[in-house]
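A short write-up of the structure that comes next.
When reading the values below, keep in mind they use all heavy atoms of this one structure, side chains included, and skip hydrogens, waters and symmetry mates. Quick note on labels: first sequence line is chain A, next is B, and so on, each numbered from 1.
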2 protein chains.
Amino acid sequence: MFRLSKRVEYGLMALQHLARRSGVATAREIADASNIPYDLLAKVMQSLKRDGIIDSYQGVKGGYALMLTPEAIPLKRVIEALEEDVALTDCNANGAQGCDRFDTCTIREPLGGLQQKMAETFSGMTIAQLL
Amino acid sequence: MFRLSKRVEYGLMALQHLARRSGVATAREIADASNIPYDLLAKVMQSLKRDGIIDSYQGVKGGYALMLTPEAIPLKRVIEALEEDVALTDCNANGAQGCDRFDTCTIREPLGGLQQKMAETFSGMTIAQLL
DNA sequence: ACTAAATAGGATTCTTTTAGTCCTATATTT
DNA sequence: AAATATAGGACTAAAAGAATCCTATTTAGT
């Protein structure tokens with residue numbers, strides 16, 4: 001349906017939250033502040049951590065903090081960290097896998113061009129512009 | 001997952017087919033040529049017809065033909081004819097419906113800007129550029 | 001040492017969306 | 001009348017997305 005997933009929505013809200021308070025915030029705090037299901041947000045934060053966008057601190061007084069300035073975090077990176085790829089078709093993301101008309105297909109290449117434009121759009125906007 | 005739906009993929013293939021042969025083609029012919037499930041394509045053609053992108057002729061010797069030149073059919077129109085909207089979030093498409101954090105949400109507006117850029121991208125490419 | 005509060009992450013379930021199929025009706029040409 | 005199209009409703013199957021549950025580990029404070 002051509003939408004950002006909830007994971008991405010929640011991730012953006014969380015990063016916005018972290019950018020605003022510029023310190024450590026817990027997943028619980030963010031979930032409460034933005035009215036997001038805690039368990040789901042927890043996974044999102046783990047993904048962002050794995051990607052290196054944020055850092056995490058375990059234990060009491062723990063939480064998450066940005067590893068980068070908001071200006072240095074393009075939306076494209078957030079989306080990709082959250083296990084999606086900015087691609088219009090499967091074939092433009094994964095190649096022939098799973099498409100039985102890969103060879104004869106005549107829309108893949110032109111769509112590839114479009115896709116690149118979209119990728120540029122998502123690269124051009126950063127967390128800083130959400131503030 | 002941020003992909004075009006099969007409906008849109010099939011619709012683009014069909015329009016490309018019609019643009020190339022610039023005459024009447026049946027759904028069966030297009031389905032065979034592009035290796036698309038016939039039943040599904042039939043619905044897609046009906047939607048394109050309803051939108052006025054193509055015209056249809058019933059009965060033997062019937063089929064479909066473009067109502068517009070390929071240059072006059074932007075992808076955005078095709079996508080919308082096929083029951084999708086080019087929107088990044090539900091709220092940016094339907095307003096407050098179904099989102100319980102509509103009022104407090106702070107990512108909707110900036111995403112709206114992005115969305116508009118995307119819409120422009122999809123408006124800027126036409127069926128002619130698929131040829 | 002113990003407890004409380006965090007992150008880490010596996011497994012599962014529920015819901016929604018998308019894709020695909022089936023069947024019948026109607027129109028048109030031969 | 002028969003054959004070949006589109007029109008469209010109803011249904012089923014498969015996949016993806018969202019949400020929940022449970023347990024392990026880490027760490028600060030007492």
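Summarising the geometry, the separation between CG on Leu40(A) and C1' on dT13(C) is reported as 14 Å, rounded to the nearest angstrom. Between the CZ atom of Phe2(A) and the C1' atom of dT18(C) there is a distance of 16 Å, rounded to whole Å. Between the C1' atom of dG9(C) and the CE atom of Met45(A) lies a distance of 15 Å, rounded to the nearest Å. Rounded to whole angstrom, the span from the CG atom of Asp39(B) across to the P atom of dT24(C) amounts to 14 Å. The distance from atom CD1 of Ile36(B) to atom C1' of dG20(C) is 13 Å, rounded to the nearest whole Å. Rounded to whole Å, the distance from NZ on Lys6(B) to P on dT18(C) is 13 Å. Rounding to whole angstrom units, CD of residue Glu29(A) and P of dA5(C) are separated by 15 Å. Spacing between atom CZ of Arg3(A) and atom C1' of dT17(C) amounts to 12 Å, rounded to whole angstrom units.
Aromatic rings of Tyr38(A) and Tyr10(A) (six-membered ring for Trp) have centroids beyond the 6.0 Å cut-off, not under it.
Residue contacts shown for Ala27(A) are limited to sugar-phosphate atoms, with no base heavy atom under 4.0 Å away.
A 4.0 Å heavy-atom criterion places the boundary nucleotides of DNA chain D facing chain A at dA18(D) to dA28(D), written 5' to 3'.
In terms of modelled atom types and a separation under 3.5 Å, the side chain of Asn92(A) and the main chain of Arg108(A) share a donor-acceptor contact.
Looking at which nucleotide of DNA chain D each of Tyr10(A) and Lys49(B) is closest to, the 5′-most match is held by Lys49(B). Residue-to-nucleotide proximity on DNA chain D shows that, of Leu4(A) and Lys43(B), the 5′-proximal contact is made by Lys43(B).
DNA chain C lies under 4.0 Å from at least one heavy atom of each of the following residues of residues 55-63 of chain A: Ser56(A), Tyr57(A), Gln58(A), Gly59(A), Val60(A), Gly63(A).
There is no side-chain donor-acceptor pair under 3.5 Å between Glu9(A) and Thr89(B). If you check the side chains of Lys117(B) and Thr121(A), you find no donor sitting under 3.5 Å from an acceptor. For Ser47(A) and Glu83(A), the side-chain atoms include no donor-acceptor pair closer than 3.5 Å.
A sub-4.0 Å separation between OP1 or OP2 of dT7(C) and a side-chain N or O of Tyr38(A) is present.
Between Glu29(B) and Arg21(B) there is a salt bridge, with a side-chain nitrogen of the basic residue lying less than 4.0 Å from a carboxylate oxygen of the acidic one.
In this structure the side chain of Ile73(B) never reaches within 4.5 angstrom of the side chain of Thr126(B), judged on heavy atoms.
More than 12 heavy atoms of other residues, nucleotides or ligands sit less than 6.0 Å from atom CD of Gln129(B).
Here the CD1-CD1 distance, from Ile53(A) to Ile127(A), works out to 7.5 Å after rounding to the nearest 0.5 Å.
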